[in-house]
Structures are given as C-alpha cells and as structure tokens.
Amino acid sequence: MQRILLFLYSLRVFLIFIGLEVLAIWLIFSYNSPQGAVFFNSSNYFAGSVLQARDGVTGYFTLGAANEALAEKNAELLSRLSVTMQPADSAYLEIDSVLASQYEFRSAKVINNSIRLNQNHITLNKGRKHGVREGMGVFNEQGVVGRVKGVTENFSSVISLLHTELLISSKVKSSSVFGSTKWDGKNTRKAKLLYVPRHVMLSEGDTVVTSGYNAVFPEGIMIGIVDEVTKGAETNYLDITIDLSTEFSRLTYVYLVENPLEEELDSLYQMSGVQNE
C-alpha cells in the first residue's frame, strides 16, 4: 500500500495537470454554446454508432427466430383468407358443408432437402405434436412443394414435387383445362403436365396452378409456366413441359395446408371406386 501511495505521489504533478485539463474542458463545453453543441452531437453520433453496431450483431443472431415468427404469422393470415375469400361459385350454399370446407395452414422450416435423386424428400421441423399429419399439402410463396408422407412427434417427411411418383392435380389458369403435374426425373426446374387432350389449344407462357379437385391443395396455388407444347407422338394427349415456379434448391420455410374434410372425401372415393390423386 505504501508503494502505491509513493508511486501516486511521484506522479502528483501529472495527475494535477490532467485534472485541471479535464476541468477546463468541462468549463468550456458547459458555458460556451457552440463548443457544447459540437460535443453533444459528437457524443450522440458515437453512442448511436455503437448502439447500431450492437443491434446489428444481436439482430443477426435472432434472425432465425424472427423468420420463424413471420412464417407463423403468414400461416395464420392464410387461414383467415381461406375463410373470408371463398372462390366465386354460383352453386355455393352456406348449408353445403363440402363447399364450405375451410383449409387450415401451418408453417414449418426445412431442415433437410434432396434434389439430386429420382425420388426426393424434404424433412420439416414440425411433427405430430404441432398438428402435422400424413397427406397434408406443402407449398411456399413460390408454389407447390410436395405432400407430407410420414410424421413423428417432432418432425415430418415430405414427398417433394421432384419425385417421379407424385402427381399434383393441376389446371391451366387461362382455360381451366385440367391435368396432372409430374416430374420426369430430369431437370429440377421442369416438369410435365399430363393428360391434356391433343385438341386443347395451349400457348407458351400459360400459367399452371392447382385445380382444387382433390382434398390436398386449395385451388389456385402456383405450380409453373408452360414452356413447350408439342403433339404427343403415340398418345391422345399433348406433350407439355412446364417451368416449375418453386426453386427447390433454396427452400427455407414452407406452409402446410390441411383440409379437415379430407378423410371423409377419401372414404367417399374408396367406397365409389374413384381414383384420386
């Protein structure tokens, strides 16, 4: 302790000088408006820069949570829209429980995704305890993604649209001509629109969307754009290639859509011997 005091005593002149300088600076800025304004603005700029840098760092690490919250909110809004924006249909009656069916939406994050196989699958971070079940349709803001195949308590597996055995009930938006979209296992950005008769007039650039004919997807979800139309060589159908709207190599967040009446419709199809996609 004595050594510390001796050391400070040896620096007494320097310490007194520093103290007087600080006092002088304080008096200048306190009693002179121009200098005070400069000091105030400079200190605010420095503090603002530090706070902005801090917020940038913390914002980066919380970006994932923010995106997930945004996806949940979007799913909630989609559910509300499905109630308030029923498609125009002159045959619609409120007492008709089938036409009044309501789709429900949930959000999920893609945690695994394959695009290099003939039968590609996607893994989501939501499962049975989050309300996910087999058969639910999956899409994102770009278009159709696939259909839920398997579900565990916390995760779910999705058959990607890039799967050679998955058929999506589709229609050409401009003419309401319907068919089925199927991937041929070649180009991850293209698929085939099947079962469109040869007499139908289609043009490059026509939009292909979900038909709403099955219980998986609502009507009007984007699938792709017609890229090429040729006459089928040995069939009664056109050979149609479409550019898929969904970019599968960049999937992050998706939405799951559920029709509460799907089981009832499937049961009806089975009893009637109707094959449903």
Side-chain angles (χ1 to χ4, degrees), residues 71 74-75 77-78 81-82 85 87-89 103 105 107-108 110 113-122 136-148 158-233 235-257 276-277:
N74 286 341
L77 293 175
L78 285 170
L81 284 174
S82 69
M85 297 181 64
D89 187 345
Y103 288 93
F105 299 88
S107 67
V110 175
N113 178 26
S114 64
I115 61 173
R116 295 177 294 178
L117 307 174
N118 286 331
Q119 299 179 344
N120 294 288
H121 291 80
I122 300 165
M136 294 177 68
V138 183
F139 67 101
N140 66 0
E141 68 281 357
Q142 295 176 323
V144 171
V145 172
R147 187 173 182 179
V148 175
V158 175
I159 301 178
S160 171
L161 180 55
L162 303 181
H163 191 295
T164 55
E165 296 182 4
L166 180 64
L167 287 173
I168 301 295
S169 182
S170 315
K171 72 173 183 178
V172 180
K173 189 174 182 179
S174 60
S175 61
S176 295
V177 174
F178 66 92
S180 297
T181 298
K182 185 178 183 181
W183 187 53
D184 59 5
K186 298 178 181 178
N187 190 330
T188 58
R189 297 308 306 272
K190 297 182 182 294
K192 293 291 187 179
L193 180 61
L194 307 177
Y195 312 129
V196 177
R198 297 183 66 174
H199 69 271
V200 173
M201 300 298 295
L202 290 183
S203 303
E204 295 179 6
D206 284 343
T207 301
V208 180
V209 297
T210 53
S211 67
Y213 285 175
N214 60 19
V216 179
F217 290 101
E219 178 183 353
I221 296 180
M222 187 72 173
I223 296 178
I225 302 294
V226 174
D227 177 56
E228 184 180 3
V229 181
T230 60
K231 299 292 185 180
T235 68
N236 295 322
Y237 303 108
L238 294 173
D239 185 2
I240 305 171
T241 301
I242 64 175
D243 289 326
L244 295 175
S245 59
T246 303
E247 191 169 354
F248 286 86
S249 60
R250 296 186 178 183
L251 290 179
T252 305
Y253 287 94
V254 296
Y255 301 104
L256 299 104
V257 56
N276 187 34
E277 295 176 3

Is a donor from one side chain sitting under 3.5 angstrom from an acceptor on the other, for K192 and T241? yes
Are F217 and V257 close enough that some pair of their side-chain heavy atoms sits under 4.5 Å apart? yes
Consider only side-chain N and O atoms of S114 and N120, and report whether a donor and an acceptor are under 3.5 Å apart. yes
Which residues satisfy the side-chain contact (heavy atoms from CB on, under 4.5 Å) test with T230, sequence neighbours excluded? E228, D239
Is the side chain of K231 donor-acceptor paired with the backbone N or O of R198 at a distance under 3.5 Å, no angle test? yes
Testing V254, L251, L161, I223 for side-chain contact (heavy atoms from CB on, under 4.5 Å) with T246, which one passes? L251
Kindly indicate, with the supporting measurements, whether the criterion side-chain hydrogen bond (donor to acceptor under 3.5 Å, both in side chains) is fulfilled by Q142 and E247. CA-CA 8 Å; Q142 295 176 323; E247 191 169 354; 4.5 Å; no
Side-chain contact test, heavy atoms from C-beta onward, threshold under 4.5 Å: evaluate it for L162 versus L244 and give yes or no. yes
Which atom names give the shortest non-hydrogen contact between T188 and F248, and what distance separates them? O-CD1, 4.4 Å
For the residue pair T207 and M222, establish whether any side-chain heavy-atom pair is separated by less than 4.5 Å. yes
Looking at S245 and G143, what are the two nearest heavy atoms and their distance? OG-CA, 3.8 Å
Under 3.5 Å, is there a donor-acceptor pair between the side chain of T210 and the main chain of G220? yes
Over all heavy atoms of both residues, which pair between L256 and A108 is shortest? Give the atoms and the distance, please. CD1-CB, 3.6 Å
List the atom of I122, the atom of N113, and the distance in Å for their closest heavy-atom pair. CG1-OD1, 3.3 Å
Compare all side-chain heavy atoms of D227 with those of I225 and state whether any distance is below 4.5 angstrom. no
Contacts of E204 that satisfy side-chain hydrogen bond (donor to acceptor under 3.5 Å, both in side chains) - sequence neighbours left out: none
Sort and list the pairs that fulfil ring-ring contact (aromatic ring centres under 6.0 Å, His included) and have at least one residue in residues 162-181, not counting sequence neighbours. H121-H163, F178-Y213
Taking the side chain as everything from C-beta on, heavy atoms only, tell me whether K171 gets closer than 4.5 Å to V209. yes
Any donor-acceptor N/O pair, N118 side chain to T164 backbone, under 3.5 Å: no
Does any N or O in the side chain of S107 come within less than 3.5 Å of the main-chain N or O of Y255, such that one atom is a donor and the other an acceptor? no
Please tell me if the side chains of V172 and L193 come closer than 4.5 Å, counting only heavy atoms from C-beta onward. yes
Minimum-distance pair of heavy atoms, taken over all atoms of S160 and L166: O-CD2, 3.5 Å
